[in-house]
Structure formats: structure tokens, C-alpha cells
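Structure first, then comments.
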Amino acid sequence: AQSVAQPEDQVNVAEGNPLTVKCTYSVSGNPYLFWYVQYPNRGLQFLLKYITGDNLVKGSYGFEAEFNKSQTSFHLKKPSALVSDSALYFCAVRDRNSGNTPLVFGKGTRLSVIA
Amino acid sequence: EPEVTQTPSHQVTQMGQEVILRCVPISNHLYFYWYRQILGQKVEFLVSFYNNEISEKSEIFDDQFSVERPDGSNFTLKIRSTKLEDSAMYFCASSGDRGSNEKLFFGSGTQLSVL
């Protein structure tokens, strides 16, 4: 079975500092990995995904994530946080060979960037 | 950017009543999904729909739940006899593809409160 763990309910960071939002996953095969963001009163929005190839994936709004197979992690990072990055962030996984198995999400991590 | 729209944004109902949550996916998308999130918990998969039939459903999606695409634009989730534990935020999503090109677009959700 597929699963995602986001160990932090809340991450606080000062504006201008680097941020990291953690995600670990479990799949039986090789993963497709995703990050989505939810701003208040909006639906989840796609940020970036890892399919294959380079372990460092760059996405929207200056975010990037690094796939680490040995640690089964896909942490979201940004070199310099903005107040406007404050939102709820969801990691998601799908087993690449799973056919119709749906995308499985974590419970989300709330990021607060303080000016 | 095209959007998935959901109505209503909030729905309050009495236990045992039927509710219908409505969604208009992005017009050229082929895959449709319902997810839900109980407050403070994971975003949980309910059902996926492709080619006018359910392609996958979770254990949550029991006989009380049904989905329909009654015309070319709407995608609905019906709960026949609501229970207190059905209270959650329900998200509709659509995508144009699966696998390596997959990118889900989510609506802003319907907050269902069962009293």
C-alpha cells in the first residue's frame, strides 16, 4: 500500500530564511511524487512533481524538492521564504506501476512565514 | 488558468438526509476524482471516474455514496443518508492524463457539516 508521512503539522520560518517542509513516502515500487499547495479558500494547486531523472525538481514560485530514494524522502525547499508562501502544503505519492491506484496525500503541513 | 468549480461552498444538513455535491471539472479533462479531508486529518481518496464509470474507489466509498456525470460538464457526489462522520471538506479534482503527465486540478471544496 502507498502512504505519505508529513511529520510536521506546522513549520514557522522568518521571511528571507530558507524553508524545508518534510515528506517521506512508502510504495512497493518506484514512485511518482508530488507537492500541492492550498491557499485559504482555494483548492489544492500543483507545485511540482518527480517522475524520473534528476533528483532535484524545480517547480512554481521558486520551490524545489529533492527525491532521495535511500531515505524515501521528498522534502520541499525554498532558499528564501516570502510571507506570501504561507499556506498548507501537501505531499502526495503514486506507485508508478500501480495502474489505477489513486494519488495518496499526506495530512498537510501548515507553513507560516513571519515578516 | 482553467479552474475546477464546486458548489456549494458550505452545506449543512441533518443526519440521515441526502446531499449532492456538485463539481464542474475542466472542460477537456478525462479523469475525475473526489477526495475528502476531515479536519486535521489526511486528504483521503474517495473515488475516481473515467470513461463514464468508476475506475477505483476506496473503502470509504460505500453504498451510501454514488457519483454521476449527468451531462458533459457536471460531476456530482451523492451521499444518500448522511452520518455525523461524513462531516468533512470534499474536494473534486480533474486531470487530463494519468501517469507521468498527471497533474490534478482541484476545486476549492465543499465544507459539509452533518448535524
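What you see is a predicted model; the values in this text were computed from it and never measured. Protein chains get the first letters and strands the later ones, always in sequence-line order, with residue 1 at the start of each.
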What part of A:Gln6 gets closer than 4.5 Å to chain B, counting heavy atoms only: side chain, backbone, both or neither? neither

Strictly under 6.0 Å, is that where the ring centroids of A:Tyr89 and A:Phe63 end up? yes

Check whether B:Tyr31 and B:Phe49 end up in the same hydrophobic cluster, where Ile, Leu, Val, Met, Phe, Trp and Tyr are linked by side-chain heavy atoms less than 4.5 Å apart. no

If one checks every heavy atom of B:Gln6 against chain A at 4.5 Å, the contacting part turns out to be neither

Check the orientation of B:Tyr33 and B:Tyr35. Use parallel for under 30°, tilted for 30 to 60°, and perpendicular for over 60°. tilted

Under 4.5 Å from a heavy atom of chain A, the part of B:Gln37 involved: side chain

Taking the side chain as every heavy atom from C-beta outward, state whether A:Lys69 and A:Asn30 have any pair of such atoms under 4.5 Å apart. yes

Residue A:Tyr36 versus chain B: region with a heavy atom under 4.5 Å: side chain

